[in-house]
Amino acid sequence: MSTGHISPTVLWSLGGLFGILIVATVVYLFLKKTRPATDFTEIGLRIRSWWVMVAIFTLAMALSRNVSLFFFAVVSFLALKEYLSIIPTRRADRRVLLWAYLAIPLQYFWAGIEWYGLFIVFIPVYVFLFLPLCMVIVGETRDFLRSAGTLHWGLMTLVFSISHVAYLLVLPTAGESGAGGPGLLLYLVFLTQSNDVAQFLWGKSIGRRKIVPNVSPNKTWEGFLGGVGTTTVLAVVLSGLLTPLSIPLAFLAGIIISTAGFVGDVTISAVKRDIGVKDSGRLLPGHGGIMDRIDSLTYTAPLFFHFIYYLYY
Amino acid sequence: MRMDFIIRLLRYLFYRIVVRLVVLIVLGLNVRHRERLPRKGPAIVVANHNSHLDTMVLITLLPAGLLSRIQPVAAADYFLATPQKAWLALNIIGILPLKRQREKPDEDLLAPCYAALEAGQVLIFFPEGSRGQPEELAAFKGGIAKLAARFPEIPVTPVLLHGLGKALPKGEKLLVPFFCDVFVGEALYGAEDRRDFMHRLESSMSALSQEGNFPSWS
């Protein structure tokens, strides 16, 4: 296995993820043993799914740049498939949906050949204009707007937004940091996911005041602010290792990722509430579906990407 | 003998590799109560029918060792229409062809099923008769009750399929990826009272359809 495309720092950081998982697993087993009255099944399932996700992610990162791009294309595909399976769709749009799926390999291909100009307009402009044309050719006008709108929303969040994670990977190394694109990717994905966990843990332990009761009744101000604090500290601590960011900028990156992550989470919650499902799927036991896991990333990825892009490119 | 082995190998590769890849990667399944599926023959699996994929999905979910025993019950007039289609249907898909029209007034159209069950086969049965309108549950025909009444010791496992009619409905050639639901019910057993059996089967199917949240598709 050649790992020349990622720096030793990134490799060590990936190893660190397993360290965190080992600690989480040990704590879980300890709690399960010492508090037999409490039900930890859900947490156990979650940790087990984390092991699988981290293992696949690490493998994809370590194998090669193209394998990593392919990995994120698959994530987009699974998420879009989940989305299209839970929203109402029209029989007349079968072919249109196929075209929408085809946008995924193309979008990640633009990232692969580092054609930024097309990458950034392909879905918001070309796919946005092309799919309604296909729908007009099919000729069904009933629910036309609903169908075009929901399809484009899915492509924007689950393909366009998520593909920004992949584009971080192909960015050339900026500034002093030797970690380059893979370092930025790991920084973003780790902080987004740990922010979810931190908000959950803070909310569980001291959460009282509801923040968006109509959308997500379990989310609290304490969870949100605790998450922002924890993530910002982590963002500053890890910035020297994985990014070219100075401390004040890393502080800002932490605020962006934690706040955006929260908004992404509740936005997808609102969609699920609208559709009337609790989880988007059952692919990840304890978490739900892929969409449930990458909900925060749909907001953090483009925002963090443009923050970095503005500063260094 | 040699040819027979090659055909069995082809069938095995078709179901265990080609179909599995399509079903698990292109589609993706959400299976509930998989443990209720039969593990040995003779057995009958009953499902609603919206797509050619229905058979494929059910066969991938049944134990691999059972493959040589599994026979989807299918219309002879449709699947045996041309020699090529017939070869594929009989050897690779492995259907049990059933005539839909009697040639003689006293002919029992289900006779091939009796023989198959007596030989310990696992039959996949679609009581709606044909694939029908996608994602709509049509009325079940009574043949299954007759079959179950004749073999009251053989389990009849109801399975509700959703989404396959969206992925590949009748009359379409393009497969569009969708996650599909497969909800397995408790096995039922046939009885003299066929109407009661049909009632139990239909209420089991409608209970299974209540387990899911199926978005509209029209």
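Only this structure's heavy atoms are used, side chains among them; waters, hydrogens and symmetry mates stay out. Order of the sequence lines fixes the chain letters, A, B, ..., with proteins taken first and strands second; residue numbering starts at 1 for each chain.
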| task | Kindly indicate, with the supporting measurements, whether the criterion side-chain contact (heavy atoms from CB on, under 4.5 Å) is fulfilled by Arg282(A) and Arg32(B). | result | CA-CA 10 Å; Arg282(A) 302 178 126 216; Arg32(B) 289 196 200 164; 3.5 Å; yes
How long is the span from the [atom1] atom in [X] to the [atom2] atom in [Y], to the nearest 0.5 Å?
X: Ser216(B); Y: Asp143(A); atom1: OG; atom2: CG; value: 7.5 Å
X: Glu172(B); Y: Arg95(A); atom1: CD; atom2: CZ; value: 6.0 Å
X: Leu97(A); Y: Leu174(B); atom1: CG; atom2: CG; value: 11.5 Å

Identify the two heavy atoms, one from [X] and one from [Y], that lie closest to each other, and give their separation to 0.1 Å.
X: Phe179(B); Y: Leu78(A); result: CE1-O, 3.7 Å
X: Ala167(B); Y: Arg94(A); result: O-NH1, 2.9 Å
X: Phe178(B); Y: Leu84(A); result: CE2-O, 3.5 Å
X: Ile25(B); Y: Phe77(A); result: O-CE2, 3.6 Å
X: Pro215(B); Y: Ser85(A); result: CG-O, 3.2 Å

Count the heavy atoms of every other residue, nucleotide or ligand shown that sit under 6.0 Å from [atom1] of [X], and state whether that count exceeds 12.
X: Arg65(A); atom1: CZ; value: yes
X: Arg39(B); atom1: CZ; value: no
X: Lys146(B); atom1: NZ; value: yes
X: Trp115(A); atom1: CH2; value: no
X: Leu145(A); atom1: CG; value: no
X: Lys85(B); atom1: NZ; value: yes
X: Tyr101(A); atom1: OH; value: yes
X: Phe151(B); atom1: CZ; value: yes

| query | Are any non-hydrogen side-chain atoms of Leu98(A) and Pro177(B) less than 4.5 angstrom apart? | reply | yes
| query | Under a 4.5 Å heavy-atom cut-off, does chain B meet the side chain of Leu80(A), its backbone, both or neither? | reply | neither
| Is there a donor-acceptor pair under 3.5 Å between the side chain of Lys81(A) and the backbone N or O of Val26(B)? | yes
